[in-house]
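Residue numbers begin at 1 in each chain, while the letters A, B, ... track the order of the sequences.
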Number of protein chains: 2
Amino acid sequence: MAEAAGVSQSTVSRALAGDTSISEPTRKRVIEAAARLNYQVDENAARLRRGRTGTLALVMICRPGQDRKDLNPFYFALLGSTCAAASARGYEVLVAFQDSPENFWGHYQERRKADGMVVIGTSENTAAWDYFGKLPEGTNWVCWGAPSEEFPWVRSDNQAGAMLATRHMLVRGYRSIVCIGSETSPQRQFKERFDGYAAAMQDAGLEPFLQRIERGLPREEQGRRAAAALIESGRPFDGIFGVSDEIALGALKELTSRGFRVPEDVGVVGFDGVRAGAWSIPPLTTVESDFEVAGSLLVDRLIAMIGGQEPSSRRVPVRLVVRGSTRA
Amino acid sequence: MAEAAGVSQSTVSRALAGDTSISEPTRKRVIEAAARLNYQVDENAARLRRGRTGTLALVMICRPGQDRKDLNPFYFALLGSTCAAASARGYEVLVAFQDSPENFWGHYQERRKADGMVVIGTSENTAAWDYFGKLPEGTNWVCWGAPSEEFPWVRSDNQAGAMLATRHMLVRGYRSIVCIGSETSPQRQFKERFDGYAAAMQDAGLEPFLQRIERGLPREEQGRRAAAALIESGRPFDGIFGVSDEIALGALKELTSRGFRVPEDVGVVGFDGVRAGAWSIPPLTTVESDFEVAGSLLVDRLIAMIGGQEPSSRRVPVRLVVRGSTRA
DNA sequence: TTGTATGCGTTATCAT
DNA sequence: ATGATAACGCATACAA
C-alpha cells in the first residue's frame with residue numbers, strides 16, 4: 001500500500017487519519033491508491049496501538065427463557081436509539097443479549113473490546129443486576145432498569161409522568177381515581193409512578209388509593225385481576241391509572257367485559273406507550289418516554305464517565321399520549 | 001502478568017487458550033494470577049495476530065427518517081435471535097443501524113472489524129440494496145429482505161405459508177377468497193405469498209383473485225383502501241387473505257366499520273405475526289415465521305460462506321396462528 | 001512441557 | 001512535510 005502510493009507507511013497513516021501536516025497533493029495520491037486497492041485501515045492494529053477501542057458494549061438483559069418477541073418494544077426502541085446515539089458520537093456498538101448466570105459477562109474493558117458498557121434490562125432479572133453490580137472498580141457503565149439506586153442509572157421521569165396522567169384525568173372530570181400497581185415491586189419505577197399519582201391526587205385534595213397487583217403473574221393478568229378485585233370490593237371509582245400499559249390494558253379488558261363503559265363510566269390511563277395500546281378498544285391513553293432522549297442520555301453519561309467528566313442528566317422526559325380511554 | 005505467574009509470556013498465552021501441552025499445575029498458577037490481577041486477554045492484539053476477528057457485523061436497514069419504534073417487531077425479534085445464534089456459535093455481533101446513503105457502510109472485513117455481515121432490511125430501501133449489492137467481490141454477507149434474487153438471501157417460506165393460510169380458510173368453509181396484495185411490489189415476498197394463495201385456490205378448483213394495493217401508502221391504509229375498493233366493486237367475497245398483517249388489519253377495520261361481521265360474514269387472514277394482530281377485534285389469524293430459525297439460518301449461512309463451505313438451507317419455516325378472524 | 005524469538009499493521013515519537 | 005523507528009500485546013513456529 002505504501003509503495004503503491006510512493007510514500008512511506010507513516011505518511012499513509014497520517015494521510016488517512018486526516019493529519020494536517022500532510023500536503024494536499026500527497027493526501028490525494030494516498031486516498032486514490034487506497035481506493036484503487038480497496039485498502040482500509042486494520043482496526044485491530046489501530047486499536048492495539050491507540051489503546052482506545054471507540055466501541056461501546058450494549059448488554060440487553062432478558063428474562064431467562066423469555067421469548068424474545070415478547071420483549072417490551074420499548075426496549076427494542078431503546079436498543080435502536082442507543083446504537084444510533086453512539087454512532088452519532090463516533091462510537092460503534094457491540095451488542096450482547098444475556099439472560100442467565102452462565103452467560104453474564106461484562107469484561108469488555110479488560111479485554112479491550114469496548115471502552116464502556118450500557119446495560120439495559122428489567123429489574124426482574126435480579127441475578128443479572130447482582131452480577132453487574134459486582135464488576136471491578138473502574139468499570140465504565142450506565143444502566144437502564146436496575147433496581148438499585150447505587151448503580152449509575154438513567155431512567156424515565158416516572159413521577160412527572162404519573163402526575164401528568166393523573167392531572168389529565170382530573171381535568172377530564174374523573175374524581176375517584178385508583179392506582180393499580182405496587183409500591184414494593186423491584187420495579188422501582190412502579191413506586192415512583194405511584195408517588196406521582198399520589199402527589200397529584202393530594203394536590204387536588206383527593207385521597208389516593210392503591211389497588212395492589214398480585215406477584216408473579218403476567219402483567220396483563222395482574223391488571224385484570226386487580227380490576228376484578230377493585231370492582232368486587234365495592235369501592236366506588238371512576239378512573240384507573242395503571243402503572244404500566246400492560247396492567248392498564250388488562251384492567252381495561254376486565255372493565256369492558258363486565259359492562260363498564262370506557263371512557264364514559266371509567267377513564268383508564270397507562271404508562272409506557274406500548275404499541276398494543278394503540279390497538280385496544282378503546283385505544284389507551286398513556287404516558288410515553290422519549291426513547292430517543294433515553295438512548296442519548298445513556299450514551300452521553302457513559303462517554304462522560306469514560307472521559308472522567310461530570311455526567312449529564314439522568315432523567316428522561318415523558319409526554320402524555322391522549323387516546324380514547326379518557327373522555328374528551 | 002507473566003512474571004506474576006512466574007512463567008514466560010508464551011506460557012501464559014497457551015495456558016489461557018487451553019493449550020493441551022501445558023501442565024495442570026502451571027495452568028492453575030497462571031489462571032490464579034490472572035484472577036488476582038483481573039487480567040484478560042487483549043482482543044485487539046489477539047486478533048491482529050490471528051487475522052480472524054470472531055465477530056459478525058449486523059446491519060439493520062431502516063427507512064430513512066422512520067421512527068425506530070415503528071419498525072416491524074419481527075425485525076427486532078430477528079435482530080435478537082441473530083445475536084443469540086451468533087453468540088451460540090462463538091461469534092460476537094457488531095450492530096449498526098443504517099438508513100441513508102450518508103451512512104451506508106459495509107467494509108467490515110477490510111477493516112477487520114468482522115469476518116462477515118448480516119444485512120437485515122425491508123426491500124423498500126432500494127438505495128441500501130444498491131449499495132450493498134455493489135460491495136467488493138469476496139465480501140461475506142447474507143441478507144434478509146432484499147428485493148434481488150442475486151443476493152445471498154434467507155427468507156420465509158412465503159409460498160408454503162400462503163398455502164397454509166388459504167387452505168385454512170377453505171377448510172373453514174370460505175370459498176370466495178380474495179387476496180389483497182401485489183405481484184409487482186419490490187417486496188418479493190408479496191409475490192410469493194400471492195403465488196401460494198393462487199396455487200391453493202387452484203388446487204381447490206377455485207379462481208384466485210388479486211385486489212391490488214395502491215403504492216406509496218402506509219400498509220394499513222393500503223389494506224383499508226383495497227378492502228373499500230373490493231366492496232365497492234360489487235364482487236362477491238367471503239374471505240380475505242392479506243399479504244401482510246398490517247394490510248390485513250387495515251382491511252379488517254374497513255370491513256367492520258362497514259358492518260361486515262368477522263369472522264361470520266367474512267374471514268380474514270394475515271401474514272407476519274405482528275403483535276398488534278393479537279389485539280385487534282377480532283384477533284387476527286395469521287402466518288408467522290419462526291424468527292429463531294431465521295436468525296440461525298442467517299448466521300449459519302454466513303459462517304459457511306466465511307469458511308468457504310456449502311451453505312445450508314435458505315427458507316425459514318412458517319406456521320399458522322389461528323385466532324378469531326376466521327370462524328371455527 | 002516450557003522458553004525464545006518473530007511479526008501481525010498500526011500510531012506516535014523523533015528525526016530530517 | 002515526510003521518513004525511519006519503536007512500541008502496542010498477543011499467538012505461534014521453532015528450539016530446548
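Comparing C:dT4, C:dA5, C:dG9 against the side chain of B:S10 picks out C:dT4 as the nearest.
If you take CD of A:E43 and P of C:dT10, they are 10 Å apart, rounded to a whole angstrom. We find that CD of B:Q9 is positioned 20 Å from P of C:dT1, with the value rounded to whole Å. Counting to the nearest Å, the C1' atom of C:dG9 and the CG atom of A:L16 are 13 Å from each other. For the pair B:R112 CZ and C:dC8 P, the computed distance is 11 Å after rounding to whole Å. Atom P of nucleotide C:dT11 and atom CG of B:N44 are separated by 13 Å, given to the nearest angstrom.
With salt bridges taken as basic N to acidic carboxylate O contacts below 4.0 Å, one links B:R319 and B:E288. For A:K134 and A:E150, the salt-bridge test fails: no basic side-chain N is under 4.0 Å from an acidic carboxylate O. A salt bridge links B:R188 with B:E149: at least one charged nitrogen is closer than 4.0 Å to a carboxylate oxygen. Between A:R111 and B:E92, no side-chain nitrogen of the basic residue sits less than 4.0 Å from a carboxylate oxygen of the acidic one, so the salt-bridge criterion is not met. Using a 4.0 Å cut-off between charged side-chain N and carboxylate O, B:R27 and B:E24 make a salt bridge.
The distance from atom CG of A:D115 to atom CD of A:Q109, rounded to the nearest 0.5 Å, is 7.5 Å. B:S100 contributes atom OG, which lies 11.0 Å from atom CD1 of B:I61 (distance to the nearest 0.5 angstrom). Atom NE2 of A:H107 is separated from atom CG of B:N38 by 6.5 Å, given to the nearest 0.5 angstrom. Distance check, rounded to the nearest 0.5 Å: CD1 of A:I22 to OG1 of A:T11 gives 5.0 Å.
Scanning DNA chain D 5' to 3' for nucleotides with an atom closer than 4.0 angstrom to a non-hydrogen atom of chain B gives a first and last hit of D:dG9 to D:dA13.
OP1 or OP2 of C:dT11 sits under 4.0 Å from a side-chain N or O of A:S13.
Both B:T11 and B:L48 lie near DNA chain C, and the one whose nearest nucleotide falls closer to the 5' end is B:T11.
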Next on the checklist: Pair B:L302, B:L298 - check side-chain contact (heavy atoms from CB on, under 4.5 Å), show working.
Outcome noted: CA-CA 6 Å; B:L302 182 54; B:L298 283 165; over 6 Å; no
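The backbone N or O of A:G106 lies less than 3.5 Å from a partner atom in the side chain of A:Y131, making a donor-acceptor pair.
A donor-acceptor contact under 3.5 angstrom links the side-chain atoms of A:R49 to the base of C:dT11. Judged by distance alone with a 3.5 Å cut-off, a donor-acceptor contact links the side chain of B:R14 to the base of C:dG3.
DNA chain C is contacted by B:S21, B:I22, B:S23, B:T26 of residues 21-28 of chain B, taking any non-hydrogen atom closer than 4.0 Å.
With axes fitted over five pairs at each extremity, the angle between the ends of the helix from C:dT1-D:dA16 to C:dT16-D:dA1 is 30° (10° resolution).
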